[in-house]
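Inspection log for the structure reproduced underneath, given as structure tokens.
Lettering of chains follows the sequences in order, A, B, ..., and the numbering in each one begins at 1. Reckoned from all heavy atoms, side chains included, excluding hydrogens, waters and symmetry mates.
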Number of protein chains: 2
Amino acid sequence: MTIKLSRDDDEKRVKMFKALAEVKRLEIIRYIRQTDREMTCGDLGEIIGMDKSNVSYHLKILYEADLVKVSRSGQNKFAQLREDTFQTFLPGFLDSL
Amino acid sequence: MTIKLSRDDDEKRVKMFKALAEVKRLEIIRYIRQTDREMTCGDLGEIIGMDKSNVSYHLKILYEADLVKVSRSGQNKFAQLREDTFQTFLPGFLDSL
DNA sequence: CATATAGTTATACAACTTTCAAACTATTAC
DNA sequence: GTAATAGTTTGAAAGTTGTATAACTATATG
């Protein structure tokens, strides 16, 4: 099945590009992608050098742009990339990152 | 020859994504791409519904993000997409637009 | 030269973004 | 229950962005 995209998706594209237009969010995406083990937001903050509230803020923006999904286990939260979104709107991007 | 990308390009990616994170600039890109004949900034403004100073502003942002190149002929200016940039950083994106 | 046309630049303003700190909620462990 | 840990939300401050208007430069034409 082929996906039909158009002007109607521009609002979604804008949200997505805004989410990607930040060095720290690119770092987050790269890190999520390269790490197999699950990781907490705290881990992310430590690695990227951000306050936990800031990690939370950035993850929310990525989530609202459908770029990541999040699962919870106990107190911890784990983020995964939404490969479907990348595939539909930015095929080939992740491999270039 | 394969292109080596990395964190070092993140500033460039951010500039590019910021440039793409605007409905009117997406329209501009789509229009430039679909039109074979050369077109003036005035044309763009009329089609997209923008003041000429606004077209100038948006084209500058696209230009500074290496997403378009511009040529001049008399009083007119013509914009073309920089397929090389799209190919390197967003392979497959233009076809999804 | 004067005038018209195409595009640029400067300014001001409102709306939005990122960061930080502090207060908050939710889960775990004792 | 209390205390500790993980993450969220809120509000303020500083910075950025998009739009509109008006003044500007550059090219073309008579």
Q. Between D:dT8, D:dG18, C:dT19, which one does the side chain of A:N54 approach most closely?
A. C:dT19
**Q.** Side chain of B:C41 (C-beta onward), nearest among D:dT8, C:dG7, C:dT19
**A.**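 Closest of the options to the side chain of B:C41: C:dG7.
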Output a table of nitrogen or oxygen pairs between the protein and nucleotides 22-30 of chain C separated by less than 3.5 Å.
residue	atom	partner	partner atom	Å
C:dT27	O2	A:Q75	NE2	3.3

[N] phosphate, OP1 or OP2, under 4.0 Å from [X] side-chain N/O:
{"X": "B:K18", "N": "C:dT17", "answer": "no"}
{"X": "B:N76", "N": "C:dA6", "answer": "no"}
{"X": "A:Y57", "N": "C:dT18", "answer": "yes"}

Q.
I'd like to know if the side chain of B:D95 reaches the main chain of B:G92, judged simply by a donor and an acceptor atom lying under 3.5 Å from each other, with no hydrogens or angles considered.
A. no
Q) So, A:R25 side chain and A:K18 main chain: donor-acceptor pair closer than 3.5 Å or not? A) yes
Q: Send over the distance from A:H58 NE2 to D:dT9 C1', rounded to a whole Å.
A: 15 Å
Q | Matching residue for B:L90 among B:T85, B:L97, B:L67, B:L20 - test: side chain to side chain contact (heavy atoms under 4.5 Å, CB included) | A | B:L20
Q) Parallel, tilted or perpendicular: which fits the ring planes of A:F17 and B:F93, with parallel below 30° and perpendicular above 60°? A)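 The arrangement is perpendicular - the two ring planes meet at more than 60°.
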Q. Does atom CD of B:E46 have more than 12 heavy-atom neighbours from other groups under 6.0 Å away?
A.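 No, not enclosed.
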Q. Does the pair A:L94 and A:L81 meet the rule for a side-chain contact (heavy atoms from CB on, under 4.5 Å), with working shown?
A. CA-CA 10 Å; A:L94 283 177; A:L81 296 189; 3.9 Å; yes
